[in-house]
Structure formats: C-alpha cells, structure tokens
2 protein chains.
Amino acid sequence: MPEPAVKLRDVARLAGVHPATASRALNPDTRLLVSEDTANRVLAAAAELGYQPNAVARSLRTRRSHTIGVLIPDLNNPLFPPIVRGLEDRLEADGYVALIGNTDGDDARERRVFEQMRARHVDGYVLATAHLRNPLLTEAIRAGVPVVLMNRIAEDNSLPSVTVDNERGVRMAVSHLTSLGHRDIACIAGPQDVSTGLARYRGFRAGMAAAGLEVPAHRLAFASAFSIEEGYRCLRQILAAGRPCTAVAAGNDMLAVGCYLALDEAGLSCPDEMSVVGFNDMPFINMLRPPLTTLAFSHYQVGTQAARLLLERLSGGAGPAKVLYLTPELIVRGSTAPPARLPSYFELKKSGRGGP
Amino acid sequence: MPEPAVKLRDVARLAGVHPATASRALNPDTRLLVSEDTANRVLAAAAELGYQPNAVARSLRTRRSHTIGVLIPDLNNPLFPPIVRGLEDRLEADGYVALIGNTDGDDARERRVFEQMRARHVDGYVLATAHLRNPLLTEAIRAGVPVVLMNRIAEDNSLPSVTVDNERGVRMAVSHLTSLGHRDIACIAGPQDVSTGLARYRGFRAGMAAAGLEVPAHRLAFASAFSIEEGYRCLRQILAAGRPCTAVAAGNDMLAVGCYLALDEAGLSCPDEMSVVGFNDMPFINMLRPPLTTLAFSHYQVGTQAARLLLERLSGGAGPAKVLYLTPELIVRGSTAPPARLPSYFELKKSGRGGP
DNA sequence: ACCGTTGCTGCAATCGTTTGCCCTGAGCCT
DNA sequence: AGGCTCAGGGCAAACGATTGCAGCAACGGT
C-alpha cells in the first residue's frame, strides 16, 4: 500500500494559502516576499505533513537538476574512491548529488556516459578523464554547462581544475634518490597524452638535469596506461636492455606495483637491489612489502576542491578559470634505500642467479 | 552561447506530425500505434536533429526516474568499488543510473541520504548497509519502493538479496586450517548485528565442531566494525590472553590486515608462527606480504545480480523474494602454513622476544 | 479626500513528455 | 447503401513545482 506522497498543494491547503505562496514561503530566497506570519504557518504545515518537494518537478521548471556528472576512468582504481567521497561530501552540503560514470579509458564509452548525463540535464561536469585534447570539453562548453577538471588539466589552462603539482613531485622523488646516492635511475613514464603523464615525465627530466645526470633511452619506458600490467611490462623492458640501473621512478603507484612484480620475477629484491618510487600514495600502498615510497597528497581534498570550484561556477561566479595545484609530499618508506655496494645485479644475472 | 536543446516539438514539426504522434513513434512500446511510414519519418527527424528526450520531463509524467539509490557504508572500502561497478554496468544496460550514498555506518547519515534519494524519486533501492533490523526497510516497503539487499540479508529473508554463502565459506577456511594441522584456532568475529558477521561466526563454530575442536572464550574476539583498527585490537586482545594458538580466522580481510599489524607489533611472523585467513578477497589483498589466504567470490557479480533482482521487481515481477547465495572459493596463499614445530611463541615471548 | 506607494497574495502560464480520449476516414460486411 | 469496426493520429489534460504579473488592501503624504 504505497502511501500517496504529500505535495505542495496539500501543504498550501493546510496552511490556508495558495500553492504559489507556499512555494515562496518554503524557499529561503523568496521567503521575504511573504509575511512572516504566513511563512510560519506554511513551514509548520510542511513540517506536520513531512513535505518533501518533488525534485523532478522542480527541475523541470527551474532547469536545474542539482545533479553533477562525474566522469572517472575506473572506480576500481583505489585513487578514485577518496576523491569521489570528497566530491560527494562537498556537493551534498549544497544539495547536489553526483552521478558517477566510469569510462574505462574508452572514448566511445565516455561519450555514451556523457550523453546519458546530458539527457538527465546535469548542471555541471567534473572530469577526471580528460585527455589533453578532448572533444567533450568543447562540446560541454558550447552547451553552456560548467566543467571542472580533476587530477588532470587542459592543455591551455582554460578550464578550472584541481591537480597536484606533478612536476615538482617527481623532482622531489629524483632528488630523494640522488641524495641516497643513486645515479643510474630509470623512469617509467605514464601516457603522454594526459597531463599527469606528461608533467611527471617533465619533472623526471628536470630533476635529472638538475642533478647533472643523463637519461639514456634504454632507461626510459612509456606506459600506455597507468596500470599494473603496463608497469610490469615496462620494467621488464628496461631490465631486458641489460644496462645497470639502481632505481626506478614510476609514473604512479599502479606502475610501481607492476615494477614489484617484474622485480619478483627477475629475482631482484627491493630495495636492496633496486629502489622504487611511485606517485599518489594510494590507499593500501603502504601495506605492500616493502611499503612503497611515494608522493602523497590529499585525494579527498582533490574532490572537495573540485566541487568547490564547480559550485562557484554554478552560483554565477564567472571570471578566469582557476587552476589549483596541491603540493605533494614525499613519503619515504621501505622501497628506497642507498644503492647496493654489491656487484650490480646484472653481473649476478650473468653468473646464473635471477632465473628466467 | 548555449545552444537551445532540441525538443519533441521540433522533431514533430520536422516530421510533420503532432508531438503526441512523435512520442509514440519514438517509444518502441507504442510504435505499433502509428503507421510504419510516419514512424520512420519521425525516427529520421529525431536522428537528424540529434534529439535527446528530456529525462526530467519524462520522469515527471511517468513517475519513474530511472534512477536507483544505492546505499553503501563507505566507498573507500575496496570491497565496494567492484560491486558498484557491477551494479552500474547492469543498470546502465536497462537505462538506469545509480545514485551512490555513503553512510559511514552512521544511522543518522543513512537516513539523510535515504530521504535525499526519496525526494529525487528513485525507483528502487539497493542497500549494502542493512543491519539485521532496519527501520529504513519497512519504510521503503511502505512507500511501495522495491528494495534489494546486497552482501547482507534481512533477518527473515523477506527481501530479495544477493550474498555469498558466508557460513559455508568459513567452514571451508576452518577445514583448510585443520587439514594443515592446526588445532588451536582463534576467531575474530565481525559485528553480530549484521548478517555477514553473524553467519561467519556461526560458520566458524560449525567448522570447529565438525572437526571436534573446542572454542575457548580466550580465543574469541568480537570486532565492533569490519575495520583494520578493530582487527588489530582484537588480535592484540587474544594474544594478551597468553594462551597459545597457531591460527586465526578473521571475519573479513580488513580484520585480517589488522591482524598483520598486531603480529608485526608482537614480532610474530606470518605464516611461520601464526596462520591468518580472511574473507572477501579484496582487491590488492594478494599484494600484501604474505599474500592473504582468503575466501573469494565475484564482487562484480554481486553487483550485477543485485541489479538483476531489482530490475525484475521494477518490471513488475512479483512473487516471493529471491535470496541468491554465491559460492565462495578458498584461495590459498602465503598466510597459511602448517603450525610451527618450534616451541610456541608464547614460550619465546616469556624468554624475552616479541617486543614490549 | 485623493492618489501613489508598498507589501502581500492569488492567478495562470510554463517547463517537455506521455497518454486517455475522441475524431476521421477507409474498409468490410450484409 | 448503410452501418460496423478499426487503424491512425490529433487534442488536451495531466505530472508538481516556480514565477511574472496583476490585484488588492492598507497606509502615508499633501
């Protein structure tokens, strides 16, 4: 027995006023248009009936759905849940809810989800999937819907975004490694068509240059995705080159985890024979053995800040797009140590250790 | 320059028909009410204009929002992202989207989120937060909104739900431990007011009974939440009792991770001095050292099945509530091994090892 | 005493779709 | 030929809120 929902009409009737008046009394912005006396009567009536405005009807009339579309690559990536939590918590405070869409890095799927959201008239988008050049962006802008970028930024800084200072982070990582005594440092760079991949790679080159170190091609690999598999593949590739190195800077923690697998397979121990440093300080990454040295920033805050930027736009704030950079913090854990005094593992390998 | 959205009226005009006719032509269920000829004209017009129906207006009229409210304790718990993905993927196939709400195990917050969703007229709920007795349940049912339970079940099986066979899983775990030679097995049980906590504890008792083993009170601890902290606290408590045991069955993987911390602190090695088994096979749990022996089931499938059950209800399927039990699979990894031949660590402890 | 102002409230249109109902014309049967 | 059914499609009323406009009192100023 579904109970009939109480609507504005009922509240108005109980308060003895016209629905229009009730509407004004209920909305804080228009409350001053009605006398305090009737406003109170309406409020009381609404409370008594347990009135909940019909969000759908309201959206239709006001053309605001109080819904935000959030596009992320994959919720299963542990980086995203805290970010999403931050977003949702902040949005909720302003009466908005988030619609989460996973794109799996697939352009077609991204477009589908985007359209779905558009049909539901989301008031704005938060994108964590933006490639450096992304047709969706121009499309959304043309439709007049505010967009905020998270974690990644647009080529020309033309959109509000919140991200971590990636370049600086990797420079910190490199400087940590060199101060431990490493000179032969490999790099597994992320995809170069997203801003994080690019900026971190630039950070690596800058850090190495600042230390006066070379970056030979055989110590460099480009992952096609920020995934464990790619990290594994890339480190294998570097090891296969047969030239010694004592540390590797990975484009993010997932790639670093892939490195762990490749090291295991090669029978190399971390950090004794190879130091590894990641980026992101994902949840649970500190539970690995060895716990990963990485660059941390508040994921939750990325979410709340992105929400803040978007809410600003939604409430009419115009002006130039703000780009927020969070400062990363180097968290030194067990995966980095001074380079071994032992003969390089490449020598050991030749003498039969290290397995297939 | 926001471009004006194309609406049904425009399509109708282009096709030279009345909006009502266009509506019927566009809806596959009513298409047979218009001649094939006009239907095609309408379809063509819609395609040409890139018509996207206004979901809000439709919802208002049809009283179906094609939105599902999903309540989970915390997205940050790695168990949930795959479940949510399963849900979303399955729902999307039927044109539904999910609204995710995190309750943080807080009743007040749960109620707020629930109301929020009700105001948005969600067509159904999927709850992963259900306590054995939950006022929200009766409320939703009274409002005539279908509800499906995930991961946990209702006291009396009165609601459709999908869960893993918890009791059986833990019996498998216990039998694995006993077959390794363990006899002194501790248990860290989860909260007893949720079905998972209760069923797994029952499974433990059943498994021990089947093996003819005792469960003394000092080898039993009840966690107040499925958290790392509680796991840590509980194992500490058991170790503090000073009575030997060689294995511990934890109520889920989070509790097991807490056990790892307690063992580290006590200077005990896993699995040499203490075997640990978890439940859930959370993402990344296999990356720990040692990799955790645990009970696996497809989280993704929990989501898809829950979605399926709900969609069934939404399309009018009545009948008794189905309760789906997935079969767990024991994944043996490095955290379990035969009990040590060494003198019990409790002896070692007395002789000064094992820290403060 | 009259007029303008101000403060409150009601009226009705509107947002974009869906759907019950009615109308029209064609086809068919007797 | 008349009356029947029936398919096809238009009309208009919803769904439940918001909001421009107008009415209407009370009030104050000259």
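Note on naming: letters A, B, ... go to the chains in the order of the sequence lines (proteins, then strands), and numbering restarts at 1 for each one.
Summarising the local packing, CZ of A/R64 is surrounded by more than 12 heavy atoms from other residues, nucleotides or ligands at distances under 6.0 Å.
Counting only distance, with no hydrogens or angles, the side chain of B/R120 and the backbone of A/V56 share no donor-acceptor pair below 3.5 Å. A side-chain donor-acceptor contact under 3.5 Å links B/D10 to the backbone of B/K7. Although no hydrogens or angles enter the test, the distance criterion places no donor-acceptor pair under 3.5 Å between the side chain of B/T30 and the main chain of B/L33. In terms of modelled atom types and a separation under 3.5 Å, the side chain of B/D94 and the main chain of B/Y96 share no donor-acceptor contact. Checking side-chain atoms of B/N102 against main-chain N and O of B/D104 turns up no donor-acceptor pair under 3.5 Å. A donor-acceptor pair is defined here as one N or O able to donate and one able to accept, closer than 3.5 Å; no such pair exists between the side chain of A/R90 and the backbone of A/L311. Remark: side-chain polar atoms of A/D123 are not paired, donor with acceptor, to backbone N or O of A/I68 under 3.5 angstrom. Here the side chain of A/S23 pairs no donor or acceptor atom with the backbone of A/P19 at under 3.5 angstrom.
Nearest-nucleotide positions on DNA chain D for A/R9 and B/R24 put B/R24 closer to the 5' end. Comparing A/L33 and A/H121 against DNA chain C, the residue whose closest nucleotide sits nearer the 5' end is A/L33.
To the nearest 0.5 angstrom, B/D74 atom CG is 12.0 Å from B/T129 atom OG1. Distance check, rounded to the nearest 0.5 Å: CD of B/E110 to CG of B/L127 gives 7.0 Å.
In plain terms, the two heavy atoms of A/L75 and A/V84 that are nearest each other are CD1-CG2, 4.3 Å.
Contacts between residues 46-64 of chain A and DNA chain C, defined by a heavy-atom separation below 4.0 Å, involve A/L60, A/R61, A/R63, listed by number. If you check residues 14-22 of chain B against DNA chain D, the residues with a heavy atom closer than 4.0 Å are B/V17, B/H18, B/A20, B/T21, listed by number.
Across all strands, B/T38 comes closer than 4.0 Å only to sugar-phosphate atoms, never to a base (heavy-atom distances).
Residue pairs satisfying the side-chain hydrogen bond (donor to acceptor under 3.5 Å, both in side chains) criterion with at least one member in residues 300-312 of chain A, sequence neighbours excluded, are listed as follows: A/D89-A/Y300, A/Q305-A/R308, A/R308-A/E312, A/E312-A/K322.
Each end of the helix from C/dA1-D/dT30 to C/dT30-D/dA1 gets its own axis, taken as the rotation carrying the C1' atoms of four end pairs onto the next four within a five-pair window, and the two axes meet at 60° to the nearest 10 degrees.
Reading DNA chain C from its 5' end, the first and the last nucleotide to sit under 4.0 Å from a heavy atom of chain A are C/dC8 to C/dG16. Close approach of DNA chain D to chain A, defined as any atom under 4.0 Å from a non-hydrogen atom of the protein, starts and stops at D/dG16 to D/dG20.
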